[in-house]
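Everything numeric in this text was worked out from a predicted model, so none of it was measured. Lettering follows sequence order; numbering is per chain, from 1.
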2 protein chains.
Amino acid sequence: MCEQCNYKELLKSVHLEPTEKRLRVLEVIGNNTFPLSASDIHDTLDRNQSINRVTVYRILDLLVDKKIVDRISTGGRAAYYGLGPNEHHQAHPHFYCKSCGQMDCLNPGAMAVEMSNFKKTFPGRIDKLELRLDGICKNCLKKTIN
Amino acid sequence: MCEQCNYKELLKSVHLEPTEKRLRVLEVIGNNTFPLSASDIHDTLDRNQSINRVTVYRILDLLVDKKIVDRISTGGRAAYYGLGPNEHHQAHPHFYCKSCGQMDCLNPGAMAVEMSNFKKTFPGRIDKLELRLDGICKNCLKKTIN
DNA sequence: TACTCAATGCAACTGTATTGCATTTATCAA
DNA sequence: TTGATAAATGCAATACAGTTGCATTGAGTA
């Protein structure tokens, strides 16, 4: 997703020690072109070298908190995780296939969201905009799994 | 939220028998100006007349499936439920306050989402667009709960 | 060395939702 | 009206995603 990103620097930039496990979690997320679930991430890491489930959740919370990583809702219970917007890539909408459970990133220009004017008059504080399209991806459509 | 809606007719229009419990669930949802969580709905109903938690979930699934009711994600685990778009009101974005957990409906015109052109070229099938703003509502800002 | 603190692991727990199966209620033909 | 059938509902158990409390480890340092 972001080959230009130096994960070590990324962690340092938000005042997080670039510990081995944090780096490994961030690498798994960053080396994918689409967001992953927490258990995807845990499974990937655990296959190579043991890491606790709770540690994965704690690191994810930390990274989301520091806005290095974005938590994307599926509309269901599990959240997906992808690299957050940074100098190398913009915020973008997501497509979630209800059939195969794949979460995909869409082109940031795929849809225009008029926010700036709205933000000015909104009485509360807006921290995040989450935009997700739900449907059936082209592979699942082919298989007519519906 | 939709005083003009006749819930009995709404159920019939999607070929669902307007049973007493379905009507009661739909009334609780429809009589609110903002989406409610499943347990909010269950609590409200249970206060008056006993209804099982599982029944509430099953009715909600049914109503969401038939597109009478919209399931709105909080970004967390619990979903919120509001009347779906119909002849009396349009689809609209939501604002979720991370501090007090209140989910609010925003004006449909509050933000423009350019979908029509995008839909034409998208290789999969788009069923739903979910747009949610996360932040702190003006009441919580006042209390500086942050 | 002894102390401190952050990172991690493990077990138990929580909240939200789902499943399986039994029971009740509604519908309808005989 | 009765009996058969199907739909709706309830209850207990379970699943899943995530969280909490507390013990352990390991690095830095007084």
Which donor-acceptor pairs under 3.5 Å do side chains of residues 60-82 of chain A form with protein atoms, sequence neighbours excluded?
unit_1 : atom_1 : unit_2 : atom_2 : d
A:D61  : OD1    : A:R71  : NH2    : 2.8
A:R71  : NE     : A:Y81  : OH     : 3.2
A:S73  : OG     : A:G75  : N      : 3.0
A:S73  : OG     : A:R132 : NH1    : 3.4
A:S73  : OG     : B:S73  : OG     : 2.6
A:T74  : OG1    : A:G76  : N      : 2.8
A:T74  : OG1    : A:A78  : O      : 3.1
A:Y80  : OH     : A:G101 : O      : 2.8

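The interatomic distance linking B:I59 (CD1) with D:dA8 (P) rounds to 9 Å, in whole Å. B:L62 places its CG atom 10 Å from the C1' atom of D:dA8, with the value rounded to the nearest Å. The distance between atom CG of A:L63 and atom P of C:dA7, rounded to the nearest whole Å, is 12 Å. Atom NE2 of A:H42 is separated from atom P of D:dC16 by 16 Å (rounded to the nearest Å). The nearest whole Å value for the distance from the CG atom in B:L11 to the P atom in D:dA8 is 11 Å. The distance from atom CG of B:L23 to atom P of D:dT9 is 11 Å, rounded to the nearest whole Å.
B:S39 meets the side-chain contact (heavy atoms from CB on, under 4.5 Å) test with B:S37; sequence neighbours excluded. By the side-chain contact (heavy atoms from CB on, under 4.5 Å) test, B:P18 pairs with B:K8, B:L11, B:K12, B:L23, sequence neighbours left out. In terms of the side-chain hydrogen bond (donor to acceptor under 3.5 Å, both in side chains) criterion, B:K21 has no residue partners (sequence neighbours excluded). With sequence neighbours excluded, no residue satisfies side-chain hydrogen bond (donor to acceptor under 3.5 Å, both in side chains) with B:E27. By the side-chain contact (heavy atoms from CB on, under 4.5 Å) test, A:E17 pairs with A:T19, A:R22, sequence neighbours left out. Every residue two or more places apart in sequence or in another chain that forms a side-chain contact (heavy atoms from CB on, under 4.5 Å) with A:K119 is listed here: A:M115, A:I126.
The shortest distance between side-chain heavy atoms of A:R58 and A:V54 falls below 4.5 Å. Between B:L106 and B:L131, every side-chain heavy-atom pair lies at or beyond the 4.5 Å cut-off. The side-chain heavy atoms of A:F34 and A:L36, taken from C-beta on, include a pair separated by under 4.5 Å.
Direction change of the helix axis from one end of the helix from C:dT1-D:dA30 to C:dA30-D:dT1 to the other is 0°, with five pairs defining each end axis (rounded to 10°).
Remark: side-chain polar atoms of A:T55 are not paired, donor with acceptor, to backbone N or O of A:I51 under 3.5 angstrom.
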Whether each nucleotide of nucleotides 23-28 of chain C has a protein heavy atom under 4.0 Å at its base (B), only at its sugar-phosphate (S) or at neither (-) is summarised, 5' to 3', as ------

For nucleotides 9-21 of chain C, 5' to 3', base contacts (B), sugar-phosphate-only contacts (S) and non-contacts (-) with protein non-hydrogen atoms under 4.0 Å give BBBB---BBBBB-

Under 3.5 Å, N/O pairs linking protein and nucleotides 25-30 of chain D:
none

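Under the 4.5 Å side-chain contact rule for hydrophobic residues, A:L83 and A:L45 share a cluster.
Listed by first and then second residue, the ring-ring contact (aromatic ring centres under 6.0 Å, His included) pairs that reach into residues 105-129 of chain B are A:F95-B:F122, B:F118-B:F122, sequence neighbours excluded.
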